[in-house]
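Presented below is the structure to which this report refers.
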Number of protein chains: 2
Amino acid sequence: MNDLHFIRTTSANGVVEREFTLGELHGMLWSPAGVESAPLVLLGHGGGRDSKAAPMVGRAQRLVAAGFHAAALDAPGHGTRPRTALDDEQVAAMQEAMATGVPVGPIVVPYNRHLAELAVPEWRATLDVLEKLPEIDGPVGYFGLNMGTAIGVPLTAADPRIAAAVFGIFWYDDALAEHARRITVPVEFALQWDDQHIPRDSGLALFDAFGSAEKSLHANAGAHKEVPRFEVDSMVRFFGRHLH
Amino acid sequence: MNDLHFIRTTSANGVVEREFTLGELHGMLWSPAGVESAPLVLLGHGGGRDSKAAPMVGRAQRLVAAGFHAAALDAPGHGTRPRTALDDEQVAAMQEAMATGVPVGPIVVPYNRHLAELAVPEWRATLDVLEKLPEIDGPVGYFGLNMGTAIGVPLTAADPRIAAAVFGIFWYDDALAEHARRITVPVEFALQWDDQHIPRDSGLALFDAFGSAEKSLHANAGAHKEVPRFEVDSMVRFFGRHLH
């Protein structure tokens, strides 16, 4: 097993931010300064972004303020990680679909399914080492929209350490729904009511697939990228109910 | 115009509770003790209940703690108000439908539409006098599920003083949707994903009808009466964003 290396540590406003590597993996860990023991929330970034992207930092700061650790991990082909010929081909196909107004779901869904197959064991290996840190303790949460849902749903279905999860802004797909049906932990799910890329019925069908007795859909008026900021507060409170 | 009479005042834990009459109307007003000026949220109760019902008191206490006044009003045929032959007939029909497993929506929807026609001018007259109280100031909110939505949607469409509203747990109906389309203030809407009385598509269609640029659907797993308690917190925060 590879060793966890903290390659950079900064501390500001009560948040300790550590950049880490684990073999070929690369990610970020945010922690409340001076807290002896707190639960961890895993943050899955969206397509084309990485563990240092502004939404990750913003969510991490809110989670740390609420007494959690937060960790993000660069997905395969993202951030500083190498891109394969398949990555380049799929990104080009998505960009062309966006530019020409062709539905992008039929490209994103299988490509993200492929990335999830690579990313799930990477996340589990990362969790194996993070949970050994003395300051990390308690049940684990997962929080990822867009591609973060494509990866997080099979991860949460596979890993019994994850006790609550926030997903959303993704298409229904039989393979993904099969993972969702195996999830029984509490789920909060975001959907954009006027999403120009994801048909409303597709998002509703994915929410419906979760096997969880406690699941909440938050559907907001607006387009694909217009998830309201107050939803992040809601998600932090969701983890407060289930992980503290 | 009739005069507002406070017929009983009690005060406990920072909440001043006043029972009032206004002509033949009867209701409750809850206020934060010692606050000079605060916005008002109107509370619409569910069918078969009244202004003193436990959910009204619970919501009022949360709203007062968040710095609001809250007022509830007995709907026609509810609480201490006289029941007409039509009321008796409709209540009996609903009870029979429930007992025999026949869909209750086709009875509830037109009956509540009838009650709303009576209740909307009553609420507006009540608001006319309440807003003259020196301690009530600022934009007005409305919060009502079930029958509280059947009454609140036409009320909010008709009264420009209402600046934000929480609705939910009700059926789509063309006449109600016509009112909803005229509403443009922010709306939060609750729906039970496994409602045994309200078909999922019916609730989703009613949410879809609102003309508001800012609207949020909160759909939770569970049956008709199982709206989670944390939704009340969410609704109080919603008013905090829009009325403070």
Side-chain angles (χ1 to χ4, degrees), chain A residues 62 66 164-169 172 177 180-181 183-195 198-223 226-244, chain B residues 62 66 164-169 172 177 180-181 183-195 198-223 226-244:
Chain A
R62 308 266 197 115
V166 174
F167 301 122
I169 321 292
Y172 176 92
R181 275 185 262 279
I183 292 176
T184 56
V185 299
V187 165
E188 190 161 295
F189 188 94
L191 178 152
Q192 287 296 95
W193 198 245
D194 311 296
D195 196 310
I198 304 174
R200 192 180 292 166
D201 286 349
S202 180
L204 291 172
L206 180 54
F207 171 70
D208 192 44
F210 287 93
S212 313
E214 179 169 347
K215 59 179 179 180
S216 302
L217 169 70
H218 285 196
N220 288 285
E226 295 176 349
V227 178
R229 290 204 162 221
F230 57 74
E231 286 298 345
V232 176
D233 297 321
S234 174
M235 293 160 183
V236 171
R237 283 190 300 271
F238 168 81
F239 289 119
R241 289 200 299 276
H242 296 293
L243 304 185
H244 270 321
Chain B
R62 307 269 197 114
V166 174
F167 300 123
I169 320 292
Y172 176 92
R181 275 184 262 279
I183 292 177
T184 56
V185 298
V187 165
E188 189 162 296
F189 188 94
L191 179 152
Q192 286 297 93
W193 198 245
D194 311 295
D195 196 311
I198 304 175
R200 192 179 293 167
D201 286 347
S202 180
L204 291 172
L206 181 55
F207 171 69
D208 192 45
F210 287 93
S212 313
E214 181 169 346
K215 59 180 179 179
S216 303
L217 169 70
H218 285 195
N220 287 286
E226 294 176 349
V227 178
R229 289 204 161 221
F230 57 75
E231 285 298 345
V232 176
D233 297 320
S234 174
M235 292 161 183
V236 171
R237 283 190 301 270
F238 168 82
F239 290 120
R241 288 200 300 275
H242 297 293
L243 304 184
H244 271 319

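Atoms considered below: every heavy atom in the structure, side chains included; atoms not considered: hydrogens, waters and symmetry mates. Chain letters run A, B, ... following the sequence lines, proteins first, then strands; residues in each count from 1.
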For chain B, find its close neighbours in residues 237-244 of chain A: heavy-atom separation under 4.5 Å, sorted by number, or none. A/Arg237, A/Arg241

Which atoms form the tightest heavy-atom contact between B/Gln192 and B/Pro228, and what is the distance? OE1-CD, 3.9 Å

Segment of B/Phe230 engaging chain A (4.5 angstrom heavy-atom cut-off): side chain

Please classify the contact of B/Leu204 with chain A as side chain, backbone, both or neither, using a heavy-atom distance under 4.5 Å. both

At what distance, to the nearest 0.5 angstrom, does [atom1] of [X] lie from [atom2] of [Y]?
| X | Y | atom1 | atom2 | answer |
| --- | --- | --- | --- | --- |
| A/Glu231 | A/Asp233 | CD | CG | 9.0 Å |
| A/Phe189 | A/Phe207 | CZ | CZ | 8.0 Å |
| B/Leu191 | B/Leu206 | CG | CG | 9.0 Å |

Under the salt bridge (charged side-chain N to carboxylate O under 4.0 Å, His left out) definition, can you give me all pairs with a residue in residues 200-213 of chain B, not counting sequence neighbours?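 Non-adjacent pairs meeting salt bridge (charged side-chain N to carboxylate O under 4.0 Å, His left out): A/Arg200-B/Asp208, A/Asp208-B/Arg200, B/Asp194-B/Arg200.
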
Only heavy atoms, only distances under 4.5 angstrom. Which residues in residues 214-221 of chain B are near chain A?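 B/Glu214, B/Lys215, B/Ser216, B/Leu217, B/His218, B/Ala219, B/Asn220, B/Ala221, listed by number.
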
Partners of A/Glu188 by side chain to side chain donor-acceptor pair (under 3.5 Å), sequence neighbours excluded?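 Result, side chain to side chain donor-acceptor pair (under 3.5 Å) vs A/Glu188: A/Ser234.
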
B/Ser212 (side chain) donor-acceptor with B/Pro186 (main chain) under 3.5 angstrom: no

